[in-house]
There are 2 protein chains.
Amino acid sequence: MQLHNTSQYAIRVLNFFANHSDDRLYSAKELAELLSIPYKFLTKIMGILVKAEFIKSIQGREGGYELNKPASQIKLIDILNTFNDETDNESCILGVGICDGHNKCALHDQWMQPKGLLRKMFEETTLENLTSADCKL
Amino acid sequence: MQLHNTSQYAIRVLNFFANHSDDRLYSAKELAELLSIPYKFLTKIMGILVKAEFIKSIQGREGGYELNKPASQIKLIDILNTFNDETDNESCILGVGICDGHNKCALHDQWMQPKGLLRKMFEETTLENLTSADCKL
DNA sequence: TTTAAATTCTACCTTAGAGTAGTAATTGAA
DNA sequence: TTCAATTACTACTCTAAGGTAGAATTTAAA
């Protein structure tokens, strides 16, 4: 019951940019050091974030990365979906097809409430809503 | 954000026993068919459930499995822990060490409430509390 | 124009979860 | 005593996530 490592990294990187909207670029080297993410793995993730248009990249010497859109327009769920992190609300927590009120798994009733809050968190939280000050990178 | 396959299988098997407390044994072959779980994988899981003392096994011809303790004494969290499914409430959802009120990750505040409900569900739900009738196996 | 700092691309390695295969051991029934 | 139905054990394969390596490309500064 946890997020993929790549999703965690991606959220932390994007959150970093949301909190550093000074008008400059950050290189992969800098980010890797500041966020303690393996450099080579980070560059791989950055490539995905660029393709997904969360991040804009400037190539070449003095290049780097910056946010490609306002923090208020990036939802957590969009990030998770980019990395195939399971947020499919229809599928059953016990893996027994699709659950609804009439055709449900043994854990369905207990699962409804936490599932709803998780869904709310991922769908309604944007980078803008994340803790901005004094938080761990 | 989902349970391991083995945990799902284990919960479904244990729930099946909780709902079929008639005084008989069920063989791995029967269980595999009734619950649509690959036979060989099921026997592997049953071995773990036996070692963890959730299930009692009777070897040899006419043998099989039965619950080893009352359904009210088996919590979901005990099952998950048996299969290393992450339920460590201290560790951070973004993977940045230990989060608390003073030293927290960017998502800490939003995570508190769903985390609490998940914890409650896993720690307070026993096999006895699961839906017993008309639920998918 | 050269060079160094940066992104980008392709390919690979490692690990853990998921699942399979085959055989040994057990045991009640015939 | 034999045999068939069963659990138990060991070892393997497959797949996807996590992570690494190295070279190609881009670009601005020197």
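Excluded from the calculations below are hydrogen atoms, water molecules and symmetry mates; all remaining heavy atoms, backbone and side chain alike, are included. Note on naming: letters A, B, ... go to the chains in the order of the sequence lines (proteins, then strands), and numbering restarts at 1 for each one.
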- Message: Surrounding NZ of A:Lys69 (heavy atoms of other residues, nucleotides or ligands, distance under 6.0 Å), is the total greater than 12?
- Response: yes
- Query: With a cut-off of 6.0 Å (strictly less than), are more than 12 heavy atoms of other residues, nucleotides or ligands near CG of A:Asp134?
  - Reply: no
- A:Gln113, CD: over 12 other non-hydrogen atoms inside 6.0 angstrom: no
- Which of D:dT20, C:dA18, D:dA17 is nearest the side chain of A:Pro38? It is D:dT20
- Task: Measure from CD on A:Gln59 to C1' on C:dA5 and round the result to the nearest Å.
- Result: 12 Å
- OP1 or OP2 of D:dA8 less than 4.0 angstrom from a side-chain nitrogen or oxygen of B:Tyr65, does that happen here? yes
- Does the distance from a Lys or Arg side-chain N to an Asp or Glu carboxylate O, for B:Lys75 and B:Glu128, drop under 4.0 Å? no
- Message: Tell me if the centroids of the rings in A:Phe41 and A:Tyr9 come within less than 6.0 Å of each other.
- Response: yes
- Mind calculating the distance between CD1 (B:Ile48) and C1' (D:dA8) to the nearest angstrom? 12 Å
- Task: Starting at atom CD of A:Gln2, determine the distance to atom P of D:dA17, rounded to an integer number of angstrom.
- Result: 14 Å
- Task: Choose from D:dA29, D:dT7, C:dG28 the nucleotide whose nearest atom is closest to any side-chain atom of B:Ala28.
- Result: D:dT7
- Query: Rounded to the Å, how far apart are A:Phe83 CZ and D:dA16 P?
  - Reply: 18 Å
- Task: Starting at atom CG of B:Leu80, determine the distance to atom C1' of C:dG17, rounded to an integer number of angstrom.
- Result: 15 Å
- Query: What is the distance from CZ of B:Arg61 to C1' of D:dT2, rounded to the nearest Å?
  - Reply: 11 Å
- Message: Using C1' atoms of five pairs at each end, report the bend of the helix from C:dT1-D:dA30 to C:dA30-D:dT1 rounded to 10 degrees.
- Response: 20°
- Of A:Tyr39 and A:Ile58, whose nearest nucleotide on DNA chain D comes first from the 5' end? A:Tyr39
- Query: Can you tell me if the side-chain N/O atoms of A:Thr6 get under 4.0 Å from OP1 or OP2 in D:dG18?
  - Reply: yes
- Return the value, rounded to whole Å, for the distance between atom CD1 of B:Ile45 and atom P of D:dA8. 14 Å
- Answer yes or no: side-chain N or O of A:Lys40 and base N or O of D:dG18 forming a donor-acceptor pair under 3.5 Å. no
- Query: Any donor-acceptor pair under 3.5 Å between the side chain of A:Lys44 and the base of D:dG19?
  - Reply: yes
- Message: Quick check for you: among C:dC9, C:dA29, C:dG19, whose closest atom lies nearest to any side-chain atom of A:Lys51?
- Response: C:dC9
- Task: Taking only the side-chain heavy atoms of B:His4 (C-beta and beyond), determine which of D:dG18, C:dC9, C:dA18 contains the nearest atom.
- Result: C:dA18
- Item | Nucleotide D:dA21, atom P - distance to CZ of A:Phe41 in whole Å | 14 Å
- Query: Nearest of C:dG19, C:dT7, D:dA29 to any side-chain atom of B:Asn5?
  - Reply: C:dG19
- Task: Respond yes when some side-chain nitrogen or oxygen of A:Thr43 is under 4.0 Å from OP1 or OP2 of C:dT8, and no when none is.
- Result: no
- Task: Quick one: label B:Tyr9 by what it contacts on the DNA or RNA (base, sugar-phosphate, nothing), any heavy atom closer than 4.0 Å.
- Result: sugar-phosphate
- Options C:dT3, D:dT7, C:dT27, nucleotide nearest the side-chain atoms of B:Ser27: D:dT7
- Task: Using the ring of B:Phe122 (Phe, Tyr or Trp, six-membered ring only), decide whether B:Arg119 places NZ or CZ under 6.0 Å from its centre and within 45 degrees of its axis.
- Result: no
- Query: Mind checking whether B:Phe17 and B:Phe54 have ring centres under 6.0 Å apart?
  - Reply: no
- Task: State whether the number of non-hydrogen atoms from other residues, nucleotides or ligands found under 6.0 Å of A:Glu30 atom CD is greater than 12.
- Result: yes
- Residue B:Glu62, side-chain heavy atoms: nucleotide from C:dT7, D:dG19, C:dG28 that is nearest: C:dG28
